[in-house]
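By convention here, the first residue in the shown sequence is residue 1. Everything numeric in this text was worked out from a predicted model, so none of it was measured. We count ligands from 1, going down the list as the structure has it; atoms in each ligand are counted the same way.
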Amino acid sequence: MKTPVLATLLLLACTPIALRAADTKTAEKSAAVMRHPLRGVITSVMAEQSAFMVKHEEIPGVMRAMTMLFKVDAAALKAFKAGDAITGLMSRQGRDWVLENVKPATAAMK
Ligand SMILES: [Cu+2]
């Protein structure tokens with residue numbers, strides 16, 4: 001009687017990890033990554049993580065306004081600094097939030 005109970009508990013404990021791994025795989029394989037326009041201000045440049053911390057405006061239907069970390073490419077990392085107002089395209093890629101097509105926010109868009 002003891003052994004089956006233990007086996008069941010172990011199985012239950014392992015299941016969420018297995019499901020999470022499968023979810024990540026599916027997300028990475030998916031060719032159709034949803035991208036959403038974003039406007040915000042860089043609050044800090046995190047070069048060692050190839051990321052910006054960005055205080056972004058609400059993205060209607062996707063995300064409320066908040067400050068969060070976005071992975072960016074090397075060119076964006078070099079081109080911008082804390083305090084810069086930017087626009088970009090955000091998406092979820094695997095475990096990361098990614099910001100692409102990063103540009104200075106222009107006065108016309110404000
Ligand atoms: Cu956010």
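Here the closest non-hydrogen pair linking F70 and M90 is CE2-CB, 3.7 Å. In plain terms, the two heavy atoms of K81 and V45 that are nearest each other are CA-CG2, 3.8 Å.
Clustering ILVMFWY residues whenever any of their side-chain heavy atoms sit less than 4.5 angstrom apart, transitively, puts L38 in the very cluster that holds L77.
The backbone N or O of K71 lies less than 3.5 Å from no partner atom in the side chain of S50, so there is not a single donor-acceptor pair.
Here the angle centred on the Cu ion (ligand 1), running from SD of M63 over to NE2 of H56, is 110°, rounded to 10°.
At a cut-off of 2.8 Å, T67 does not coordinate the Cu ion (ligand 1) through any N, O or S atom. Taking backbone and side-chain atoms together, M66 has an N/O/S atom less than 2.8 Å away from the Cu ion (ligand 1).
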